[in-house]
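Encoded as structure tokens, the structure appears first; notes follow it.
Every value quoted in this text rests on a predicted model; they were computed, and no experiment measured them.
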Amino acid sequence: QGSWLTQNAWGIFISERKPGWKYLMQLFAVCFAVGFFSSFLLFLGMHFSLAHHPLGPLLISGFIWISLSIALSCFKHLRCFSVLFLLSCGLKNGRNALITAGTGIVVAGNIQNIFHNLKILADSITCHLEYEQFALIKYYVEAVKWIYDKAKLSTELFLTHEFTPSYSISDDELKQQLNDTKQEIQTIANQISFMLTILPYIGQRVLPIVGIFLASFGTGTFIKKFVGSHSAKFKNTYITKQFIAFDEQQRQQQRPCLLPLNRKERKDYVTIPSLCLTRKDKKNMQYFFLPVIIHLCIWLLFAAVDYLFYWLIISVNKHLQEVPDLKIQLSLFQQHIAKTDPFKISLFKHDCIPQPELAPSTTWIQLGVIIFFLSIFGLFSGLLTQLKILVSTSFYPDTEMKRIHYLHAKLLKKRAKLQGKTGKNMFARTVKTVRKKERSVANDNMV
């Protein structure tokens with residue numbers, strides 16, 4: 001019963017508009033369902049693009065649902081266009097949209113994280129320059145004070161005044177350079193962060209609109225070529241049920257027929273719908289996957305650079321934390337008496353050691369989903385093309401009959417030409433064999 005309802009709904013959807021309220025209500029119900037499906041897909045796309053405005057996608061999708069349902073029930077060409085448009089979203093247009101989305105995820109995840117870790121590394125360097133620039137002088141002052149205290153204990157009568165060491169350094173120029181360096185690093189970081197933020201933002205909002213426009217343009221071009229003056233030659237490599245019926249009719253009328261196709265013909269022509277692909281479809285599948293593989297390699301490259309850079313900073317961080325403090329032994333000799341007191345100097349300020357961040361794991365979860373759909377689209381690209389042909393033939397049966405006549409005549413001509421060449425070759429082989437026999441007989445008679 002479900003199959004009957006589907007076939008009945010499809011028959012109403014592809015038919016010309018007929019008078020009568022009953023038919024009009026059935027047509028509007030089918031168009032209402034198609035409009036709902038189309039607007040739901042649009043809602044999903046806008047929901048991810050306009051995540052901060054949840055009401056916007058809902059209102060736009062609702063408006064498009066009602067408008068599209070009314071328009072579909074009025075125009076047959078628009079019904080054909082809508083179905084072909086949905087199928088086109090699973091071909092090159094859908095592929096390009098998914099590749100763009102994946103690139104945006106890599107930019108927002110791995111590339112932005114690489115520059116973030118670079119900024120952390122630059123901040124670490126300036127931190128060391130800022131806080132450790134005069135650390136040794138402080139230790140030198142402590143050493144002088146220690147010597148004074150030890151000497152005071154040995155010569156208590158003579159050293160009665162309080163000893164307060166101090167120092168002054170003219171470091172204004174150095175501080176200014178450090179401040180300029182920090183400001184320059186912050187400016188560059190802000191510019192990079194702005195670019196890495198604005199590009200995905202623009203991509204999320206502009207590229208879907210461009211993708212819809214390109215898909216619409218491609219669908220319109222497909223319909224124009226299918227019903228145009230050269231429609232008989234356009235993607236006419238598929239054997240439909242109507243072609244099979246036409247060939248059977250030719251057989252019953254004792255006219256030249258084609259089916260079944262021979263092995264060579266089955267490589268170029270296939271009965272649809274079928275998972276079997278022609279040689280041209282296999283080439284198109286390779287072309288479909290080529291940009292996918294290139295972008296996947298680029299994504300993996302940036303992910304590897306991000307992880308290796310993170311691992312490098314973590315390794316340096318670990319080694320810096322394991323570096324022991326520098327132990328210094330201060331000894332004071334006076335009247336053959338040695339007084340020793342050790343103290344430690346930290347070679348690195350632990351607060352300035354860089355702490356890198358790793359890109360969130362959700363990045364590869366999202367990329368995994370995108371790669372999965374790209375694989376599905378690529379593997380079924382031939383089937384989607386077949387469905388586009390079947391949909392077009394359903395809406396334009398007159399054009400289909402012209403294509404059937406052209407393809408039938410073309411295959412008969414090819415087969416006749418091939419048989420002619422085969423006949424000539426067999427005749428040449430026969431003549432060659434007869435001449436060999438005659439020469440052999442002549443040689444035997446001479447002997």
Side-chain angles (χ1 to χ4, degrees), residues 41 45 80-106 207-208 210-226 230-241 243-244 260-301 364 366-394 400 403 407 410-411 414:
L41 293 178
C80 178
F81 180 89
S82 63
V83 179
L84 292 179
F85 176 83
L86 293 176
L87 292 174
S88 297
C89 292
L91 294 170
K92 291 183 179 180
N93 301 109
R95 177 200 66 186
N96 296 338
L98 288 176
I99 287 177
T100 303
T103 304
I105 291 172
V106 172
L207 290 179
V210 176
I212 291 174
F213 173 77
L214 292 177
S216 302
F217 180 78
T219 302
T221 304
F222 182 90
I223 295 176
K224 183 179 179 181
K225 289 182 178 180
F226 188 85
H230 300 286
S231 62
K233 298 180 181 180
F234 177 65
K235 294 185 180 296
N236 200 357
T237 58
Y238 302 105
I239 307 299
T240 61
K241 291 181 179 180
F243 185 95
I244 297 173
L261 300 177
N262 57 44
R263 182 181 299 178
K264 185 177 180 181
E265 289 170 343
R266 286 197 297 269
K267 292 181 180 179
D268 297 320
Y269 303 93
V270 64
T271 303
I272 59 173
S274 172
L275 293 177
C276 298
L277 302 177
T278 64
R279 284 185 288 192
K280 191 173 183 180
D281 288 336
K282 292 178 181 178
K283 286 184 179 181
N284 291 334
M285 182 183 293
Q286 293 174 358
Y287 294 146
F288 183 94
F289 277 112
L290 182 60
V292 175
I293 295 173
I294 293 175
H295 282 83
L296 181 59
C297 293
I298 295 174
W299 297 345
L300 291 173
L301 176 63
W364 278 105
Q366 295 171 346
L367 286 178
V369 173
I370 289 176
I371 292 171
F372 171 77
F373 279 106
L374 283 172
S375 302
I376 295 298
F377 287 167
L379 292 174
F380 291 96
S381 59
L383 182 60
L384 291 175
T385 303
Q386 295 175 13
L387 292 177
K388 289 179 70 174
I389 294 295
L390 289 175
V391 168
S392 301
T393 55
S394 299
E400 182 189 14
R403 292 166 60 87
L407 182 59
K410 178 182 177 181
L411 289 176
K414 276 188 175 182

Item to check | Gap separating the CG atom of Asn262 from the NZ atom of Lys267, nearest 0.5 angstrom | outcome: 10.0 Å

Item to check | For Phe243, all residues meeting ring pair (Phe, Tyr, Trp, His ring centres under 6.0 Å), sequence neighbours excluded | outcome: His408

Item to check | Partner set under ring pair (Phe, Tyr, Trp, His ring centres under 6.0 Å) for Phe222, not counting sequence neighbours | outcome: Phe234

Item to check | Interatomic distance, Thr271 atom OG1 to Gln386 atom CD [nearest 0.5 angstrom] | outcome: 9.5 Å

Checklist outcome for this item: The salt bridge (Lys or Arg N to Asp or Glu O under 4.0 Å) partners of Arg266 (sequence neighbours excluded) come to none

Checklist entry - Take atom CZ in Phe289; do more than 12 heavy atoms of anything else shown fall under 6.0 Å from it? => result yes

Going by atom type alone, with no hydrogens or angles, which donor-acceptor pairs under 3.5 Å involve a side-chain atom of residues 368-376 and a protein atom two or more places apart or on another chain?
unit_1	atom_1	unit_2	atom_2	d
Ser375	OG	Ile371	O	2.9

Next on the checklist: Please report the interatomic distance CZ(Phe81) to CG(Leu86), rounded to the nearest 0.5 Å.
Outcome noted: 10.0 Å

Item to check | Closest non-hydrogen atom pair between Thr219 and Phe85, with its separation | outcome: OG1-CA, 3.6 Å

Item to check | Partners passing salt bridge (Lys or Arg N to Asp or Glu O under 4.0 Å) against Glu265 (at least two apart in sequence or in another chain) | outcome: Arg415

Next on the checklist: To check you understand the geometry: which heavy-atom pair defines the closest contact between Trp299 and Ile99, and what is its length?
Outcome noted: CZ2-O, 3.5 Å

Checklist entry - Okay, side chain of Arg403, backbone of Lys235: is any donor-acceptor separation there less than 3.5 Å? => result yes

Checklist entry - Looking at OG1 of Thr393 and NZ of Lys241, how far apart are the two atoms once the value is rounded to the nearest 0.5 Å? => result 11.0 Å

Item to check | Phe377 and Val292, any side-chain heavy atoms less than 4.5 Å apart | outcome: no

Checklist outcome for this item: Of all heavy-atom pairs linking Arg95 and Tyr287, the shortest is NH1-O, 3.6 Å

Checklist entry - Considering only heavy atoms from C-beta outward, does the side chain of Tyr238 approach that of Leu390 to under 4.5 Å? => result no

Item to check | Salt-bridge criterion met for Lys280 and Asp268 (N-O under 4.0 Å) | outcome: no

Item to check | Partners passing side-chain hydrogen bond (donor to acceptor under 3.5 Å, both in side chains) against Gln366 (at least two apart in sequence or in another chain) | outcome: none

Next on the checklist: For Leu383 versus Ser274, what's the shortest heavy-atom pair and its separation?
Outcome noted: CD1-O, 4.0 Å

Checklist entry - Should Leu261 and Val270 be marked as a side chain to side chain contact (heavy atoms under 4.5 Å, CB included) after you check the CA-CA gap, both sets of side-chain angles, and the distance that decides it? => result CA-CA 9 Å; Leu261 300 177; Val270 64; over 6 Å; no

Checklist entry - If you measure from OG on Ser392 to CG on Leu84, what distance do you get to the nearest 0.5 Å? => result 4.5 Å

Next on the checklist: To the closest 0.5 Å, what do you measure between CD1 (Ile272) and NZ (Lys388)?
Outcome noted: 13.0 Å

Checklist entry - Can you tell if the side chain of Leu367 reaches within under 4.5 Å of the side chain of Leu296, non-hydrogen atoms only? => result no

